[in-house]
Each structure stands twice: as structure tokens, then as C-alpha cells.
Amino acid sequence: MGRVLARTESSVPESNEFELTDKDFKFIQWFMHKNVGIFFSDRKRTMVYGRISRQLRRLGLKRFSQYRQLMEGDQQEQVNFINCLTTNKTQFFREYHHFEFIEKVLMSEWKGQNLKQLRIWSAGCSTGEEPYSLVSSLYWAKAFELFESIQITATDLDTKVLAHAKQGIYSEEALNSIPSKYLKPCFVKGTGKQAGNVKCKSGLQRFIDFRQLNLLEKWNFDKQFDLISCRNVMIYFDRNTQEKLIKRFYQQLKPGGVLFIGHSESVPASLDLFHHLGHTIYVKK
Ligand SMILES: C[S@@+](CC[C@H](N)C(=O)[O-])C[C@H]1O[C@@H](n2cnc3c(N)ncnc32)[C@H](O)[C@@H]1O
């Protein structure tokens, strides 16, 4: 049956395990773009098929149309669907020049401003390596001696990665991407049941507030931020969504606040909102 369907529907190039028609794929493109801003080009179809197949297998379904029907009346299944289609790749101290910039440049800027409270937002934090790297970098640069309060807000759309981030337990392989200067002061190795795992020290973890947040929806922040790090998130959005988001980041930053973005992302100069310092670092005009 699967084979017949695969031939009669105009394209099911991926495999015959379940049916994904052109109409289904168009629905997925529309749904993800409308709800979370992620745009899947036609070239991403095989990847989408692979990710969704795990959901269909779990539920014993043979056609995506059955899953769509089930999803329409089930909020949790919509969350599962979105979670399975997000790309969560991350690592500790990814794009290290941002952390060097905090330690070598921003710390003295902030000192000069006589800032009492420091507020940072890690937007699209995935499994948490980014906010834990930020808090470690601040600790190493003695920011805790400088400010009366430090608050890192870490948000992601995906509830599954956020649960991991809150827990903050990583396999020891993570140590490969943590520069040695942070290891002893900021991280602990697990013992007993946690042997083979590593964690950011709880004394630092408590400065991070993890929250679920869809960047496309309303943000409920009561204050502006000194630094927003939104790295390797906008790359999945179309240009229009990217520009809207950049304008909202501008509003959410204090005057002179800093925006970090990912290595293959950019802020169009035509928006005239930021000074570009190079290396994907932007300062609010
Ligand atoms: C590739 S990860 C980047 C993680 C980290 N910032 C880094 O650079 O290593 C992208 C993250 O953005 C999140 N994301 C995608 N669309 C989002 C949206 N509309 N709102 C909030 N987070 C979103 C995904 O769930 C994913 O965890």
C-alpha cells in the first residue's frame, strides 16, 4: 500500500514508511512559518520527513494527514510537532569572540557607566550552553564583584530543550568545548549516579532565569537589557521576520546596549539602528 501511495502522490521521495504529500509539506511550511517564523524551503523536505517520522512512529500512524488531524485538536501534540522541527545545535562557548568581548571590552564599558544592575538576554538558548557560558564568562571577569545584581534571562520556544537547560546536566564530552580557565571556578563533575556528567556550579546557575518564549509573540519584559545574545536563531527565519525581530531587539535594549548574533547572520545597515563593531557585534545607536 505504501508503495502505491508513494507512486500516485506526486512526490514522496524520502521513503515509503509513511505518506507525506506535497499538500502536507505545504501545510508544514505554512504552519511553522506562521507560528514560529521558521521557514523550510523545498530543499529541507527530506530533513522534515525524517524528523516527523519519529512522531508518526510513536503514534503508529501511516500518513501525515492523520497526524495533522490529531494535532488540530491537541495542543500538546502541536508543541511536540514544533519541538521536533526546531534545530537545537549548540555548544559551550560557541563563537568564543563574544565571550572575549564581554571580558575585554564590555566589562570596562560597564565599569565606566557605573552600572549597578546587569541584565542579559540569551534569546534562543536551546539546551542552555549559551547562558551557562555567559554566566561563567561574567564570573571569570569578576562581574559579580562589580554589580549589585546580575540577571540572565534565557528563553527558547522548544519546551524539551528548555527542560534540559533548566536541569543543566551535560555529558563530560561538553568539557571539550569549555576553555580550561572556566572549568575549576565554574563547573563541577558529577559523582555517584551523576558520574560522567558535568554541571555549572549552582551558585552561578541561580543567576539564570529560564523561560519559554516564542520570539514571534509578545514579550513581557519589565526592563530593557544591557546585552542581548540571539545567535544562530534568525538564520531559520525569512528576511521580513528577521528585520521585524531586529527592530524589536533594538527597542528591548538600553541605549548603547549590545546585540550579539550568529556567524552567518547580519543586521542590515539600511535599518540604521546599530553601529557594527565587526564580528557579529552590534551596539544600539
Ligand atoms: C541552533 S539553536 C541556537 C542555540 C544558541 N543560541 C547557539 O548559538 O548555540 C536555535 C534555537 O532557536 C530556537 N528557536 C527557533 N525559533 C524560535 C522562536 N520563534 N522563538 C524562540 N526560539 C526559537 C530553537 O528552538 C533552537 O533551540
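When a ligand or atom number is given, it counts from 1 through the structure's own listing order.
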Item to check | For D42, all residues meeting side-chain contact (heavy atoms from CB on, under 4.5 Å), sequence neighbours excluded | outcome: F25, Q29

Let me have the donor-acceptor pairs involving side chains of residues 136-153, under 3.5 Å, with sequence neighbours excluded, atom names and distances please.
unit_1	atom_1	unit_2	atom_2	d
S136	OG	Y132	O	2.7
S137	OG	E103	OE2	2.6
Q151	OE1	R119	NH1	3.2

Next on the checklist: Quick check: do D156 and T86 have side-chain heavy atoms less than 4.5 Å from each other?
Outcome noted: no

Checklist entry - After noting the C-alpha distance and the side-chain angles of K189 and E172, does the key distance pass the side chain to side chain contact (heavy atoms under 4.5 Å, CB included) rule? => result CA-CA 8 Å; K189 283 189 181 184; E172 265 184 12; 3.6 Å; yes

Please report, to 0.1 Å, the donor-acceptor pairs under 3.5 Å made by any side chain of residues 277-285, with sequence neighbours excluded.
unit_1	atom_1	unit_2	atom_2	d
T280	OG1	H97	NE2	3.4
T280	OG1	H98	NE2	3.0
T280	OG1	I261	O	3.4
Y282	OH	V267	N	3.2
K284	NZ	Y250	O	2.8
K284	NZ	L253	O	2.7
K285	NZ	D272	OD1	2.3

Next on the checklist: Minimum heavy-atom separation for K201 and K184, please, with both atom names.
Outcome noted: NZ-O, 2.9 Å

Just list the N/O pairs, ligand 1 to protein, that are under 3.5 Å apart, with the distance for each.
unit_1	atom_1	unit_2	atom_2	d
ligand 1	6 (N)	G124	O	2.8
ligand 1	6 (N)	E130	OE1	2.9
ligand 1	6 (N)	R231	O	2.9
ligand 1	8 (O)	R94	NH1	3.2
ligand 1	8 (O)	R231	O	3.0
ligand 1	8 (O)	N232	ND2	2.8
ligand 1	9 (O)	T90	OG1	2.5
ligand 1	9 (O)	R94	NH1	2.8
ligand 1	19 (N)	V36	O	2.8
ligand 1	19 (N)	N214	OD1	3.0
ligand 1	20 (N)	L215	N	2.9
ligand 1	22 (N)	L157	N	3.3
ligand 1	25 (O)	N88	ND2	3.4
ligand 1	25 (O)	D156	OD1	2.6
ligand 1	27 (O)	N88	ND2	3.0
ligand 1	27 (O)	D156	OD1	3.4
ligand 1	27 (O)	D156	OD2	2.7

